[in-house]
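Inspection log for the structure reproduced underneath, given as structure tokens.
Since this is a predicted model, take the numbers as computed values, not measurements. Every chain is numbered from 1 and lettered A, B, ... according to where its sequence line falls, protein lines coming before strand lines.
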Amino acid sequence: MNTNDSATQQPLVQIRNLQKRFGDVVVLDGLNLDIEIGNHVAIIGRSGSGKSTLLRLLMTLEKPEAGTICIDGEYLWHQQQNGQLVPASLAHTRRVRGKVGMVFQHFNLFPHMRVLRNVAEAPRLVLGLSRREAEARARELLDRVGLSDKADAWPQELSGGQKQRVAIARAMAMQPQIMLFDEVTSALDPELVGEALQFLRELADEVSMTMLLVTHQMHFAEQIADRVIFIDSGKIVEDDEPAVIFHHPRQQGTREFLNAVLSPADD
Amino acid sequence: MPQPLDLMPTLLQGLWVTVQVYLGAAVFVLVCGVVVGSMRSSRHRWLRWPAKGYILGFRGVPALVLLFWFYYVMPAIGLRLPALAAGILALGLNFGAYAAELVRGAIAAVPSGQTEAAIALNMTPMQRMIRVIGPQATLRALPPMGSLNIELMKNTALVFFIGLHDLTFQGRILQNDTQRTVQIFTLALAMYFVLALCIMAASRGLERVMGRGMQGGAR
Ligand SMILES: Nc1ncnc2c1ncn2[C@@H]1O[C@H](COP(=O)(O)OP(=O)(O)OP(=O)(O)O)[C@@H](O)[C@H]1O
Ligand SMILES: [Mg+2]
């Protein structure tokens, strides 16, 4: 693990001793992670290793049993009171949650709203933009993801790749400081995957937004990320540059995992 | 007037009462269904439990006995209801319990990904309900709500037993006076049937209008 304490700026995300269980299953077992502003971090690991759970904890879709998550200097689940950490109020958690955005594996677009409203709804309701401002922002983002002609379409009329772009625009409209992507290509038809990855790579280059991506596509991780994290048994096993992880992994576990996923018919 | 048209004025008077009971009860059922059904889906115990109690209580009793209770028992404890009000109340409460259960089911059937997307966009629980879950649940609830309304309309005939002059009651009166049983009850059946057709058409129309764009229903 690289522990860069020399940085003057504090990390955007600080995760300390994060624990998450489902019944008897320990999913995250004292996980520590720092993410700096502008990092594009890819998370890899076996199925069931807790990658999605980590993202869901960051998005407050799950609650940890122990540990802290600090985003941009504020605790997600805790508040400071007389110098002590106490469970956060709903309002506090909601405010900190506003710094995080997420693109879901199955996109989860709102089927009862047209594309434009899918993107404009939350900025209007949550950020308090006027309808005109929200729609202007939505159109701008749809333009950016190459879907300006689909503003009046229903989500059901879009291809998987197009739905994904709308989901990205919808998350970006809230102007989060960090975006979470959970296996954004696994729900796409195979022939769309390449295009989607290309699009995400361009997006990553173009915007300086901090990104945390869970992926099973090792090529994609290598190309999009400036940092790759291998998770196993609820802990971070290895955390390094893509070149190191994919070509000179230091840990036995990482090597075994990569051998397993890269050997058959890949490449 | 030629037969059987001479029966019509009396039967139509009854039909009007039937329609009144139905419409009154339908409004009651809709409000009960939405309010209690949403309460039943709440995370808060103090909202969920009363809703559970209501559904349990009013779904488990026959509408007819409930009707008798409102009409004959209430006066004994000092509350005398007009027959129309007793009919609307009894049917409304009874069918409201079914409607609440149906609304609960429709809310539960909206995929959890919708709630999660709304949370990720930082909507409040109220905004999630009104903007995201509610509209999708409504769409799902419409078809079963249409069936429930037809059921409700047919059950309005129970008000016969507390002496309300509804379609069934008028039919019985005519039967006594004229003995033309076949004509009377065939006409009455036809009238109930036309009423059911109207409800079905209204329900379909609503489904179409509200389901715009969501081909194949909410997914
Ligand atoms: N809501 C839940 N209830 C119970 N167990 C759960 C729940 N969500 C996840 N789990 C369990 O937690 C573990 C980690 O799940 P998670 O979805 O985080 O894995 P993952 O790394 O994302 O896997 P994949 O690569 O298959 O998506 C799994 O064993 C899973 O069965
Ligand atoms: Mg996963």
Sub-3.5 Å donor-acceptor pair from the side chain of A:N108 to the main-chain atoms of B:Q114, do we have one? no
Counting heavy atoms not belonging to B:R80, are there more than 12 under 6.0 Å from its CZ? no
Interface moiety of A:M59 toward chain B, non-hydrogen atoms closer than 4.5 Å: both
If I measure from the heavy atoms of chain A, does B:T115 come under 4.5 Å with its side chain, its backbone, both, or neither? neither
For side chain to side chain contact (heavy atoms under 4.5 Å, CB included), just list the numbers for B:V132 and A:E121, CA-CA rounded to whole Å, side-chain angles, deciding distance to a tenth of an Å, and then say yes or no. CA-CA 10 Å; B:V132 177; A:E121 187 78 348; over 6 Å; no
Please check if atom CG in B:L79 has more than 12 non-hydrogen atoms from other residues, nucleotides or ligands closer than 6.0 Å. yes
Taking it one step at a time, do A:R124 and B:R131 satisfy side chain to side chain contact (heavy atoms under 4.5 Å, CB included)? CA-CA 12 Å; A:R124 207 159 66 79; B:R131 302 297 179 137; 3.7 Å; yes
Sort A:F104 into side chain, backbone, both or neither according to what part of it lies under 4.5 angstrom from a heavy atom of chain B. side chain
Would you mind checking which part of A:L125 comes under 4.5 Å of any heavy atom in chain B, side chain (CB onward), backbone (N, CA, C, O), both or neither? both
Region of A:R56 in contact with chain B, defined by heavy-atom distances below 4.5 Å: side chain
Side chains of A:R94 and B:N122: closer than 4.5 Å at any heavy-atom pair? yes
Please determine whether side chain to side chain contact (heavy atoms under 4.5 Å, CB included) holds for the pair A:V126 and B:L121, giving the CA-CA distance in whole Å, both sets of side-chain angles, and the decisive distance to 0.1 Å. CA-CA 8 Å; A:V126 178; B:L121 293 168; 5.7 Å; no
Looking at B:Y72, I'd like to know if its OH atom is crowded, meaning that more than 12 non-hydrogen atoms belonging to other residues, nucleotides or ligands lie closer than 6.0 Å. yes
Whether over 12 other heavy atoms sit under 6.0 Å from A:E65 CD: yes
If you tally heavy-atom pairs under 4.5 Å against chain B, which of A:R97, A:Q105, A:R170, A:M102 wins? A:R97
